[in-house]
Amino acid sequence: MTDLASSAAPPRPTLSDRAKFYAIWIATALALLLLPKVFASGGSLTTFSLVGISIIFALSYNILLGQTGMLSFGHAVYYGLGGFLAIHIINILAGNKFPIPLPLVPLIGGVAGLFFAALIGWVMTQRSGTAFAMISLGLAELVASSALILRSFFGGEAGISANRTKLFRVFDLSFGPQIQIYYLVAAWTLIAIIAMYALTRTPLGRMCNAVRDNPERVQFVGYDPHVVRYLAFCFSGFFAGIAGALAAINFEIANSAYLGAVQSGTVLFAAYIGGIGFFIGPIVGAIFVTVLSLALSDLTQVWQLYFGLFFIIVVLFAPGGITGVLMMHRPLLRAGMLMRMLPSYLIAALPTLALLIGLMLMIETTVHYTVNPHEDPNRVAFGIPFNAASPLTWAASAVLVVVGFILARMAWSRVAQTWDATLTAARAKVHAL
Amino acid sequence: MLELIVISTLNGVLYGMLLFLMASGLTVIFSMLGVLNFAHASFYMLGAFFGYQISRWTGFWPALIVAPLLAGAIGAAVERFGLRRVHRNGHVAELLFTFGLAFAIEEVVSIIWGKVPVDYRVPALLDFPAFTIFSTNYPAYKMFMLAVSIVIFVGLLVVLKKTRIGLIVQAALTHPHMVAHLGHNVERIFMLVFGVGTALAAVAGVIAGPSLVTQSNMAALLGPILFVVVVVGGLGSLPGAFIASLLIGLLQTFAVSVNGSLASVFGPLGPDLAQTWLSDIWNVTIAQIAPIMPYLLLVLILIFRPMGLLGTRET
């Protein structure tokens, strides 16, 4: 029953708490403002823009999965449709010289997402759980395949492109240079984060959590879970549309890949890896996944495999995601006992690292023989050079995997013991105060 | 016209039976463990690729036996070391685990066998026309596929309904605790059922591989249709899955052979509408929308009969 007690309406926060709360937002805004001053290269600006877009998208996804408990495999539909509508709107606005500037286009994309979510959502949200997941997948396939059939709207394989600089200008902003797009994305990201955070604080946001945890009880209290799910779905579609429109503005093109299964899968990965139980989880996940996918693709050819394996590991061992793992340590931090965990973590890290390096060597060697067997066997992956042809490499990887696995298992069970002991001690200390 | 109907019916039933081979495993696993195995189509793909690889070494017939066993063993291991572990985190975690697994299997397959289709051929023994209807040669291999599907379908039915094994499995579906009290190892039953389910999918892969295309995106192409079958048939209903499989098989094969469009029935649109998205809808042929037919069916079912054709549960 402690869960119930802690999720009831909290008392009005004190002045210092409120000041701290606003300070966080102002600090975030300042950080967003100063970020391009610190990392000024074109590449990092593009990365920041992509991260911002995927933060909005992942948060909108978490309205479904984390807050309302609906696992969707087709969230890219609203993202993609928002993107396509934004491209068409840019072309229409530029063609007719309407006095609407580019910064308002994401709002139009959001309305497009909202419209389609409202249209499709009523039927979809009748059911939750597994059935909802399957239906969202089927509908996503329907829309994605239709995109290749309806050529004049979706532009077939090539997609539809637009020129973002031809729109009505305010303050003489052309939105040609990436820095201006960065600030556009950053502003929208901040607005969307604040709006979605505010949404979690409303009665609707609370009802969403209730529907996730116990739909029968919600029905008993007099709310219709179907309606709550539908409203959450519509909001989610709205913010996904904003993200899609920003992506379309960023790339100046929308194609059928925006709607596809890969896009839906990526946002699911981002939200879950970050941690769906926390508001900042999807933000962490979006940053992590975007930066990782950009960085890993430079390091190894088969980065998607590592990505998939990492996701499986998170599902198996850390269902709370990265944020969940970090948040677990909060009671220890409060009691000042974090340092007690450090030695056992360090001991466990060593064989785990050996296991991972062994696995990586194994994968990369296999890849060498299957993908490009005639090339130079001296390869580099993750900055480590190795010879894929040498039996020494194979033996080393086998030893690393086997010994690493056995030692890691022992070390991690030790970690679990230390964890239990430390947590008990930390609780005792906090309660004693 | 009659020729078209006969050939399309044959092909449609064949495709439907293949779908059912996979959907049966998926449905039984769903009823037992309560989780839809997202990676089920991946085991179908593994079956096809194992079949291809083994048939290159030893010929087709050993492959037909060994490949499903191998895939089934992998399936059982996945249940034992993966699903059982995530089970305590709830259904969403289970579904996500199989989702990640499907992603990883696709990557591994495309690393090992490449992204282009492999040269998986019909065995020489069956590479002849079985019979000729209206001047069309119908390949013997397709008849063989149909025969295998029907044999497995009947076998599954007999095992589930008439034997002691079926009795225990069915009891474990509904009353796992009672079965456990009677001295059966329910966890092992779950693992074996998962293995058999994935092996069934792999059988479909081995025999469909030479006839359809064996490539690394075949799971991604078929997976969603499989879920449509299960949802349209009614979650957890084996007869429902059977009807839905045949329905979708026939629907898709007949749609491919029909060349009509709205324009061919009502005439072309006015010239002022020639290049808009409305004209796309007007001019698209039924053959073109054949791939999205299952999903259209899904939408219709959802609107008019949300529990599926033979489903009993609303959730």
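So you know, we letter chains A, B, ... as the sequences are listed, proteins then strands, and number each from 1.
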Between B:Ala104 and A:Leu305 the two heavy atoms that sit nearest each other are O-CD1, 3.8 Å
With chain B, the option among A:Ile363, A:Leu65, A:Ile312 that has the most non-hydrogen atom pairs under 4.5 Å is A:Ile312
Within a strict 4.5 Å, meaning less than it, do heavy atoms of the B:Arg85 and A:Phe317 side chains meet? yes
Could you tell me which portion of A:Phe310 (side chain, backbone, both or neither) has an atom closer than 4.5 angstrom to a non-hydrogen atom of chain B? neither
Residue pair B:Ala93 / A:Tyr272: nearest heavy atoms and the distance that separates them: CB-OH, 4.3 Å
Residue selection (most heavy-atom pairs with chain A, distance under 4.5 Å) from B:Val230, B:Ile112, B:Ile225, B:Val92: B:Ile112
Honestly, the part of B:Pro224 sitting under 4.5 Å from a heavy atom of chain A is both
Nearest atoms (heavy-atom pairs only) where B:Phe103 meets A:Gln304: CE2-O, 3.1 Å
Minimum heavy-atom distance between A:Ser145 and B:Ile292, given as atom pair plus value: CB-CG2, 3.1 Å
Are any non-hydrogen side-chain atoms of B:Leu95 and A:Leu71 less than 4.5 angstrom apart? yes
I'd like to know whether A:Val315 forms a side chain to side chain contact (heavy atoms under 4.5 Å, CB included) with B:Phe99, so could you lay out the CA-CA distance, the side-chain angles of the two residues, the decisive distance to 0.1 Å, and finally the verdict. CA-CA 10 Å; A:Val315 174; B:Phe99 178 70; over 6 Å; no
Heavy-atom neighbours of A:His226 NE2 exceed 12 at 6.0 Å: yes
Begin with the C-alpha distance, continue with both residues' side-chain angles, and end with the deciding distance and a verdict on side chain to side chain contact (heavy atoms under 4.5 Å, CB included) for A:Leu137 and B:Phe38. CA-CA 11 Å; A:Leu137 179 76; B:Phe38 212 98; 4.0 Å; yes
Checking heavy atoms, do the side chain of A:Thr366, its backbone, both or neither come under 4.5 Å from chain B? neither
Tightest non-hydrogen contact, residues A:Leu316 and B:Gly82, listed as CD2-O, 3.8 Å
Part of A:Phe269 lying under 4.5 Å from any heavy atom of chain B: side chain
Side chain to side chain contact (heavy atoms under 4.5 Å, CB included) between A:Leu268 and B:Leu96, worked out: CA-CA 9 Å; A:Leu268 168 59; B:Leu96 285 173; 3.4 Å; yes
Given a strict heavy-atom distance threshold of 4.5 Å, which part of A:Ala133 is in contact with chain B: side chain, backbone, both, or neither? side chain
